[in-house]
Each structure stands twice: as structure tokens, then as C-alpha cells.
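On a predicted model such as this, the values are computed, not experimentally measured, just so you know. Every chain is numbered from 1, with letters handed out A, B, ... down the list of sequences.
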2 protein chains.
Amino acid sequence: METLSHSEEQVMTALWDCGRPAARREIAARLPADCRWADSTLLNFLLRLENKGFVRPEKQGNKNIYTPLVRRITYCGAVSAAHLQRLYGGDLRAMLGALADTGRVSFTDMERLARYLDSRAAESPEYDYD
Amino acid sequence: METLSHSEEQVMTALWDCGRPAARREIAARLPADCRWADSTLLNFLLRLENKGFVRPEKQGNKNIYTPLVRRITYCGAVSAAHLQRLYGGDLRAMLGALADTGRVSFTDMERLARYLDSRAAESPEYDYD
DNA sequence: TCTGTTCTTTTACAAACGTAAAAGTTATTG
DNA sequence: CAATAACTTTTACGTTTGTAAAAGAACAGA
């Protein structure tokens, strides 16, 4: 999958947050506060996203309505998998260890995660990809 | 912490893999196969890493010996935390869910992770940051 | 229909990145 | 010591990224 730059990803995230195809203004409204861009800036990112196959614009009057062509979970899964591979050779435990050892994730978080994994394991055998 | 570009990170990883301060040649030897760069390319990345405070070079004869100034786990923890925040708002379960739902992590991996978390929880209460 | 407003598209430009040639310096060896 | 080999430093250049002004198209109200 094509990779996104930081800004492109922020735009895409805002669009996903809209929950449905959205126009420029709606997307802008969902952007984090530190993204107070000129209109043309945002539209340029949307154009780059279109070229990368992440959105399809559709004219509606003089406005464009943008539809996401990649699902959020698909993108996030791919990016996280790449991250995991790049930094930890694919070892999940190593990643969690790093997060814990640098105080980025608390004991409580880890416990919650453990419980989540247990429940998932119990009720979702369809995730056995081995 | 200063962020690293992809290439800079690869160089840093190679240096970490050396396990001790290392010269250009040793670092080059640890680089992944797809990084067959000219000498000056690698040295340039090392210079950029120096400017970002990640390594300190020390002349030894006409060679430079590079010492890492940032520990691997510190860097990895920070990058993973940023990743987690950026894509999942800090929710570990969401990240694991995305990895599992896109088939990037198997049921067995998840089980292993759950066991790891349990053992960590049992024997390492010093990781309680709440 | 004229004109101001709202949108988009095109063009632009500086900074960061990937990559390496050229130039300069130190070591080595015949 | 002269010539060559090994290294590093400096300079360079095309691409991608962040950001927006300028230019062009469509709409809405007087």
C-alpha cells in the first residue's frame, strides 16, 4: 500500500472521522487544532491523496465530496505491522516491553490489554491465522 | 526527542546492532541488504545523526568511531508511543485489534503476548505508572 | 445580468530527504 | 619520499513534503 505523509494522514483521519463522504469544510472541521491551513493547503493534500488512491472526489455543484477508498483499519493495520517489523522485527512482546520500560504504558494498561486478549481468544477463534 | 528519517533510523539501528561504538565499515556491514549506499551517503546520514544528537564521532587515526548517544529502547519506546497516539489515540487494544483484524498478527501471537503480559504483571510490579 | 463570494485548480517555493560526486586529509607502501 | 589507497568533509542535486498565493470556475443575490 502507498504510504502517506504525516499531513496526508491527518487529512485522511479527519475524513474517516466524518463517518461518511464529506466535503472540504467538514473535513477541515475535524482536523486537529494545530492544522489551521489555508483552504488550498488542505485541497492540495486531498489531491495528493487522490493521486495515491486514497480518496475519490465527486463534484456536487461547485463543491467536491470526498469518499475514502481505503478503510481505516486496513490502513492502520498495515502501518502498525510495518512499524512492528521495522523496529522490533515483528516481535509484539518487544514492542510492549519498550512501551512499558520507557513508562509509556502503565501496568494497568497492560493488565487491561491482557484481559482483552484473553476475551478475544475465548470468543473469536476465527482469528487463527497460523 | 528529535525524529529520524527512515534512512537515519536504519543507520542508527545498524549501529545499535553493533553493540558498541563502531566505525563506518562495521556499521555498513550491519545494514540491511537494500542499503548499498556510496560511502559518502552513509557518512552523510551519520553527520545528520550527529546534528540531531544521536551519535558522537571520535577520531581514531583517520577513521571516525561513532558512539550512540540515545539508547535503542528509549528511541523505540518514544516512536511506538507516538505511533500509538497518532493512529489509535493511545488505545493499545485498538492497535492490537487492527493488527489482528487485518491478519497481521495471528491468534497464537496474541496468546503468547497475553501470557507474556501476565508473567510481566506477576513479577514486575515496578512498572505501575498509574 | 453584474458582481461579489465561495470553491477548486494551478503554480510556486522553501525545507527535508535520499543519494552521491568532488575535494580534502591521513595513512600506507614501494 | 613519492605515489596510491583509504577516509572524511563539502558541495550538489533531484524528489517529496509542507504550505500557500494566484488564477480560474461556479454560484447567489442585487
What's the shortest heavy-atom distance between A:A28 and A:L42, and which atoms?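 Closest approach of A:A28 to A:L42: CB-CD2, 3.8 Å.
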Angle class for the B:Y75/B:F54 ring planes (parallel below 30°, perpendicular above 60°, tilted otherwise)? perpendicular
Parallel, tilted or perpendicular for A:F45 and A:W37, by the 30°/60° rule? perpendicular
Within the structure, does a side-chain N or O atom of B:T41 lie under 4.0 Å from either OP1 or OP2 of C:dG18? no
Take the protein atom [atom1] of [X] and the nucleotide atom [atom2] of [N], then report the distance between them rounded to whole Å.
| X | N | atom1 | atom2 | answer |
| --- | --- | --- | --- | --- |
| B:Q10 | C:dG18 | CD | C1' | 11 Å |
| B:H6 | C:dT19 | NE2 | P | 9 Å |
| A:E8 | D:dT16 | CD | C1' | 9 Å |
| B:Q60 | C:dA27 | CD | C1' | 14 Å |
| B:N51 | D:dT9 | CG | P | 11 Å |
| B:L46 | C:dT19 | CG | P | 14 Å |
| B:L42 | D:dT8 | CG | C1' | 11 Å |

Donor-acceptor contacts under 3.5 Å from residues 85-95 of chain B side chains, at least two apart:
unit_1, atom_1, unit_2, atom_2, d
B:R86, NH1, A:E9, OE1, 2.7
B:R86, NH1, A:E9, OE2, 2.1
B:Y88, OH, A:C76, O, 3.1
B:Y88, OH, A:S80, OG, 2.6
B:D91, OD1, B:R93, N, 2.9
B:D91, OD1, B:A94, N, 3.2

Enumerate the residues from residues 26-37 of chain A whose closest heavy atom to DNA chain C is under 4.0 Å, giving them by residue number; use none for an empty result. none
Quick test of your reading: applying salt bridge (charged side-chain N to carboxylate O under 4.0 Å, His left out), list the pairs with at least one residue in residues 31-49 of chain B, sequence neighbours left out, ordered by first then second residue. B:R24-B:D39
Partner set under salt bridge (charged side-chain N to carboxylate O under 4.0 Å, His left out) for A:R115, not counting sequence neighbours: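 Testing A:R115 for salt bridge (charged side-chain N to carboxylate O under 4.0 Å, His left out), a comparison that skips the adjacent residues, returns none.
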Protein and nucleotides 2-9 of chain C: nitrogen or oxygen contacts under 3.5 angstrom:
unit_1, atom_1, unit_2, atom_2, d
C:dC7, OP1, A:R25, NE, 3.4
C:dC7, OP2, A:R25, NE, 2.8
C:dC7, OP2, A:R25, NH2, 2.9
C:dC7, O4', A:N62, ND2, 3.4
C:dT8, OP1, A:N64, N, 3.0
C:dT8, OP2, A:R24, NH1, 3.1
C:dT9, OP1, A:K59, NZ, 3.4
C:dT9, OP2, A:N64, ND2, 3.3

Residue closer to the 5' end of DNA chain D, A:L4 versus A:A38 (nearest nucleotide):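 That would be A:L4.
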Answer whether the closest heavy-atom distance between the side chains of B:T13 and B:R72 falls below 4.5 Å.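 Side chain of B:T13 against side chain of B:R72, heavy atoms only: contact under 4.5 Å found.
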Is there side-chain contact between B:L113 and B:L96, with heavy atoms separated by less than 4.5 Å? yes
Side chain to side chain contact (heavy atoms under 4.5 Å, CB included) with A:L47: which residues, sequence neighbours excluded? A:N44, A:E50, A:N51
Looking across every strand, which nucleic acid part, if any, lies under 4.0 Å from A:S5 by heavy atom: base, sugar-phosphate, or nothing? sugar-phosphate
